[in-house]
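Before any comments, here is the structure.
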There are 2 protein chains.
Amino acid sequence: MGEQVHAPVTAYPAQAGGETGATPAGLRERKKALAMRRIQQVAIELFERDGFAAVSVEQVAEAAEVSPSSVYRYFGTKEGLVVHDEHDAVLLALAPSLLAEHDLVTAFDLGLRLIGAEHGIDLERTRRRTRLWFTVPSIRAAGLLMADEMTDALAHLASSGPRADHTFSQARVVVGSLVGAVMAALHQWYDDGMPEDMVDRMLEAVATVRQAMSRPTGPPQ
Amino acid sequence: MGEQVHAPVTAYPAQAGGETGATPAGLRERKKALAMRRIQQVAIELFERDGFAAVSVEQVAEAAEVSPSSVYRYFGTKEGLVVHDEHDAVLLALAPSLLAEHDLVTAFDLGLRLIGAEHGIDLERTRRRTRLWFTVPSIRAAGLLMADEMTDALAHLASSGPRADHTFSQARVVVGSLVGAVMAALHQWYDDGMPEDMVDRMLEAVATVRQAMSRPTGPPQ
DNA sequence: ACCAAAGTGACAGTGACTGTCAACCGACTG
DNA sequence: CAGTCGGTTGACAGTCACTGTCACTTTGGT
């Protein structure tokens, strides 16, 4: 029965109709997307100003002029207000074509550039969200769960397409390690004061892993 | 004020005195460790039987003959009852010596074997906890947060010791990718019905990453 | 205009989590 | 062995995240 799940982070409620282009067609969806953006904006500002714990979902709802019910419908959890990322859907939509033309690691590299560019457009927003990410444990947990689900989704795509040169099991491991590396890079980027080179950090991380792992240091004994 | 943090997972309350050998010295600590083990055992059984959501912390406390306050003091959150792992402290304690004698990836490999052996001793318990891990999103989130903190801790150790051939930044990325790979392997192990070869799966994962990442596929264009 | 479907807000209820405080117990002092 | 000191425990009260439900409204198609 009642229990604080903290979970349905990846339940992108707007994903229903299966979008293709940049701007959705339905007027209904557009309004929803707009409302979500406004609510998230308001929430992040309140969280940064007064502290995540000190702001209740009800306050966010009031400030955004919607009911608490709607906040939960849209974002699932309080943490979802911060970690929900509209660009995730874009990446997921683009992934198949990337994977059709490149090998896994290269496709990941390209996807990273794309996503990074999106985030670079509103870097200040990205900074605010990242600050909350590393400041509030429960937000980080929710974000990591999202990353985990993304890993799974990408591994599925990578192992199901035509050019798939990995089994699902292998793809999962490779994507998992890539995501792990990027997460670490994000952490380092945050520790360094979040300068403008976020994407470069992440790409560099992939390169670092490549180097460290390619050293032929077999299992000992 | 008042907020379900889901966080202090890595707060090993029993770690206070800085243990060295296998069995702690203080009688007080021993009782605490024993109580924690009993509580966790009871909790996991109840969760598996009735479902995580259907069992309240109060019920766990009652079944384990302690107060709810104590449960929270020991495990921090309801999820902590599942994800808390006594072996983590062991790994953390052993890591410095491993890192002093081997390079990062090799040390990780060895640590994996050790930890894996510990878990192999009570494989059924490990299976039960893993099942809950992948069944209940909030538990997975808590576990991922723990893994993240472990990553950080290991990266620190790897970059601070004498033999450190990585900066903290590099070590963090490498460990991050290794942990990511192992997590993916764990997921795959679960999907395959959790046979006896858990450790081998994880080691294989590291090898897979090594191979996938060593392919000289530089950034395109 | 009419209708079916989907979205919205109001409401009540559960339980996870926090902070506090008095009672208590194990560990060292003389 | 008595004393006492620091940390541990359990009781209690309070907050709020989250769930389920339902009447009401809005939207998109006829």
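Sequence lines set the chain letters: A, B, ... in the order given, protein chains first and strands last, and positions in each chain run from 1.
- Ranking C:dC17, D:dA17, C:dG9 by closeness to the A:S69 side chain, first place goes to C:dG9.
- Note on residues 181-196 of chain B: pairs passing salt bridge (Lys or Arg N to Asp or Glu O under 4.0 Å), not counting sequence neighbours, are A:R172-B:D191, B:D192-B:R201.
- Mapping A:S70 and B:V57 onto DNA chain C by nearest heavy atom places A:S70 closer to the 5' end of the strand.
- Sorted by first then second residue, the salt bridge (Lys or Arg N to Asp or Glu O under 4.0 Å) pairs that include residues 127-142 of chain A, not counting sequence neighbours, are A:E48-A:R131, A:D85-A:R129, A:E124-A:R127, A:R140-B:D148.
- Here the C1' atom of nucleotide C:dG9 and the CD atom of A:E65 are 14 Å apart, to the nearest Å.
- Nucleotide C:dA16 holds its C1' atom 12 Å from the CZ atom of B:F47, rounded to whole Å.
- Remark: C1' of D:dT8 and CD of B:E29 are 12 Å apart, rounded to the nearest angstrom.
- Spacing between atom CE of B:M36 and atom C1' of D:dT8 amounts to 14 Å, rounded to whole angstrom units.
- Checking each of A:H119, A:E118, A:H87 against A:T126 for a side-chain hydrogen bond (donor to acceptor under 3.5 Å, both in side chains) leaves exactly one that passes, namely A:H119.
- Rounding to whole angstrom units, OH of residue B:Y72 and P of D:dG14 are separated by 18 Å.
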Under-3.5 Å N/O pairs linking protein and nucleotides 21-25 of chain C:
from	atom 1	to	atom 2	distance (Å)
C:dC25	O2	B:R28	NH2	3.4

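- Atom CD of B:E86 has more than 12 heavy atoms from other residues, nucleotides or ligands within 6.0 Å.
- The stretch residues 55-64 of chain B participates, sequence neighbours left out, in no salt bridge (Lys or Arg N to Asp or Glu O under 4.0 Å) pair at all.
- The distance from atom CD of B:E58 to atom C1' of C:dA16 is 11 Å, rounded to the nearest whole Å.
- Taking B:R38 as the reference, nothing meets the salt bridge (charged side-chain N to carboxylate O under 4.0 Å, His left out) condition, with sequence neighbours excluded.
- In this structure, B:E79 places its CD atom 16 Å from P of D:dA17, rounding to the nearest Å.
- Within the 4.0 Å cut-off from OP1 or OP2 of C:dG7, at least one side-chain nitrogen or oxygen of A:K32 is found.
- Nearest nucleotide to the side chain of B:Y74, out of D:dC12, D:dA17, D:dT9: D:dT9.
- Residues that satisfy the salt bridge (charged side-chain N to carboxylate O under 4.0 Å, His left out) test with B:D50, not counting sequence neighbours, are absent from this structure.
- Distance, B:F52 CZ to C:dT14 P: 19 Å, rounded to whole Å.
- Listed candidates were D:dA17, C:dC17, C:dA10. Nearest to the side chain of A:S67 is C:dA10.
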